[in-house]
There are 2 protein chains.
Amino acid sequence: MSRLTRDDIIAGAGRRFATHGYHGTSMRDLGDDLGILGSSIYAHVGGKQELLVAVIERGAGFFAASARRAVEARLEASATLSLLVSGHIDVVLDHRSEARTYLSETSFLEPLDQARVSHARDTYEAVFVDVIARGIAEGVFDRERDAKLSAVYILSVLNTIDRWFDETGRFDKDQLSEDVYGFVTKGLIG
Amino acid sequence: MSRLTRDDIIAGAGRRFATHGYHGTSMRDLGDDLGILGSSIYAHVGGKQELLVAVIERGAGFFAASARRAVEARLEASATLSLLVSGHIDVVLDHRSEARTYLSETSFLEPLDQARVSHARDTYEAVFVDVIARGIAEGVFDRERDAKLSAVYILSVLNTIDRWFDETGRFDKDQLSEDVYGFVTKGLIG
DNA sequence: CCTACCGATCGGTAGG
DNA sequence: CCTACCGATCGGTAGG
């Protein structure tokens with residue numbers, strides 16, 4: 001039991017915020033999880049709101065990095081979308097706490113932080129919109145589909161995966177990615 | 001300004017819970033919204049947790065009623081799914097507060113209430129699974145698709161609609177329903 | 001539905 | 001990171 005680092009505190013805060021919500025978490029709850037007193041947390045961070053910012057910033061960073069990797073692979077539209085899907089799934093499953101807090105607690109940030117995070121989210125979404133629009137332009141995706149709406153639908157599916165997917169179940173992450181990609185490209189009819 | 005009813009209090013609680021979360025709402029906040037004191041709310045309801053139960057129960061009821069209507073129409077699988085989609089969209093847009101609280105705050109219910117609501121949610125989801133399985137069996141949907149996974153994907157899309165859809169925008173609710181149904185059945189490729 | 005409260009808990013600080 | 005606090009706010013109650 002050595003001393004905790006600032007990163008440990010942020011990780012602990014992420015776990016609590018993801019499961020109990022920002023307002024459902026007290027500094028004493030958080031201290032209990034970490035094996036210290038609530039008041040001791042102030043030796044590491046300025047306050048509760050600063051913890052929320054740090055957790056959400058981490059979450060946003062993972063998604064941004066995934067989008068960057070997908071785009072920099074410079075593949076055709078459908079392959080890029082496939083990378084975006086599997087990358088997003090990796091983030092929500094490998095960084096559950098940060099991703100869930102980013103997705104669910106952003107409205108509890110102070111206005112300036114919230115605006116910055118919203119902008120990051122728009123930028124990320126735009127990567128999906130652009131690749132879908134490219135696919136439509138190239139004729140691989142249906143010209144009847146709207147790129148923006150389709151991106152929102154796909155992100156809705158991806159952002160909910162951590163809520164139901166059990167990694168110890170019959171499917172693994174790769175099978176899930178493939179199934180999601182198959183669903184969003186071919187639909188129920190196939 | 002006549003006296004408030006119990007229903008008024010529950011409606012007000014729904015609005016607050018949907019936007020600020022259960023733990024982000026104080027009885028005084030709620031009183032302010034309703035034009036009375038926080039302590040006056042106890043003349044109408046037993047407590048804050050009872051309000052959460054009442055709001056979520058309403059939300060669950062709207063979804064159950066929609067599923068019942070879709071099933072009782074006794075149409076073929078694809079038409080039933082279309083009714084489920086448009087019915088779900090009606091619920092999340094016409095009863096935003098109750099639907100959002102039901103979808104986001106259920107984990108803050110006490111164990112017994114939470115179990116009951118989870119069961120209701122499973123029952124609702126099973127209606128989607130069954131109609132998709134029927135469509136697969138009849139050959140209208142792809143035999144490669146898993147009914148359960150597909151239902152979860154579709155519900156993910158539907159449950160997020162209230163977060164981004166602007167009814168005053170270029171699309172109306174019917175166009176949205178049709179687009180969502182087109183997306184989940186035909187996918188990006190069409 | 002208000003007045004006037006209550007004990008518990010909250011985020012946070014001074015000093016070590 | 002703990003001790004020892006602080007003022008503010010919380011859910012809730014008695015009595016009218």
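First the proteins, then the strands, lettered A, B, ... as listed; each starts at 1. All figures in this text were calculated on a predicted structure; none of them were measured in a lab.
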Base-pairing mate for D:dG15 - Watson-Crick or G-U, with both contacts under 3.5 Å
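Across all strands, the one nucleotide that pairs with D:dG15 is C:dC2.
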Applying the Watson-Crick and G-U wobble criteria at under 3.5 Å, what pairs with C:dC10? Answer none if nothing qualifies.
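D:dG7 - that is the nucleotide pairing with C:dC10, both distances being under 3.5 Å.
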Out of [options], which has the shortest distance to the side chain of [X]?
X       : options               : value
A:Arg28 : D:dC1, C:dC1, D:dC5   : D:dC5
B:Leu37 : C:dC2, C:dG12, D:dG11 : C:dC2
B:Met27 : C:dC2, D:dG11, D:dC1  : D:dG11
A:Ser26 : D:dC1, C:dC1, C:dG11  : C:dG11
B:Arg3  : C:dG12, D:dC1, C:dC1  : C:dC1

Whichever of A:Ala43 and B:Asp29 has its nearest DNA chain D nucleotide further upstream toward 5'
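Per heavy-atom nearest nucleotide, the more 5' residue is A:Ala43.
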Measuring centre to centre across the rings, with the benzene-like ring taken for any Trp, is A:His88 within less than 6.0 Å of A:Tyr124?
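Yes; A:Tyr124 has its ring centre under 6.0 Å from that of A:His88.
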Between [N] atom [atom2] and [X] atom [atom1], what is the distance in whole Å?
X       : N      : atom1 : atom2 : answer
A:Leu30 : C:dC10 : CG    : C1'   : 14 Å
A:Lys48 : C:dT13 : NZ    : C1'   : 17 Å
B:Glu50 : D:dG11 : CD    : P     : 15 Å
A:His23 : C:dG11 : NE2   : P     : 10 Å
B:Tyr42 : C:dT3  : OH    : P     : 17 Å
B:Ile36 : C:dT3  : CD1   : P     : 13 Å
B:Leu52 : D:dG11 : CG    : C1'   : 14 Å
B:Arg6  : C:dC1  : CZ    : C1'   : 17 Å

Might you point out which heavy atoms bring B:Arg121 and B:Asn159 nearest each other, and give the distance in Å?
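Looking at all heavy atoms of both residues, the closest pair is NH2-ND2, 4.0 Å.
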Heavy atoms only, 4.0 Å cut-off, all strands: where does B:Gly47 land among base, sugar-phosphate and nothing?
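It contacts sugar-phosphate atoms only.
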Is A:Ile41 touching bases, backbone alone, or none of the nucleic acid, heavy atoms closer than 4.0 Å?
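Counting heavy atoms under 4.0 Å across all strands, no contact is made by A:Ile41.
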So, does A:Ser39 get its side chain near the phosphate of C:dG12, meaning an N or O under 4.0 Å from OP1 or OP2?
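No, no such contact exists.
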Could you check whether A:Asp7 and A:Thr5, counting side-chain N and O atoms only, form a donor-acceptor pair closer than 3.5 Å?
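On atom types as modelled, these side chains do not qualify, holding no pair under 3.5 Å.
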Does B:Lys173 have more than 12 heavy atoms from other residues, nucleotides or ligands lying within 6.0 Å of its NZ?
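Yes - once you tally the heavy atoms of other residues, nucleotides and ligands closer than 6.0 Å, there are more than 12.
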Let me know which of B:Asp33, B:Thr25, B:Asp32 forms a side chain to side chain donor-acceptor pair (under 3.5 Å) with B:Arg16.
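Of the listed residues B:Asp33, B:Thr25, B:Asp32, the side chain to side chain donor-acceptor pair (under 3.5 Å) partner of B:Arg16 is B:Asp33.
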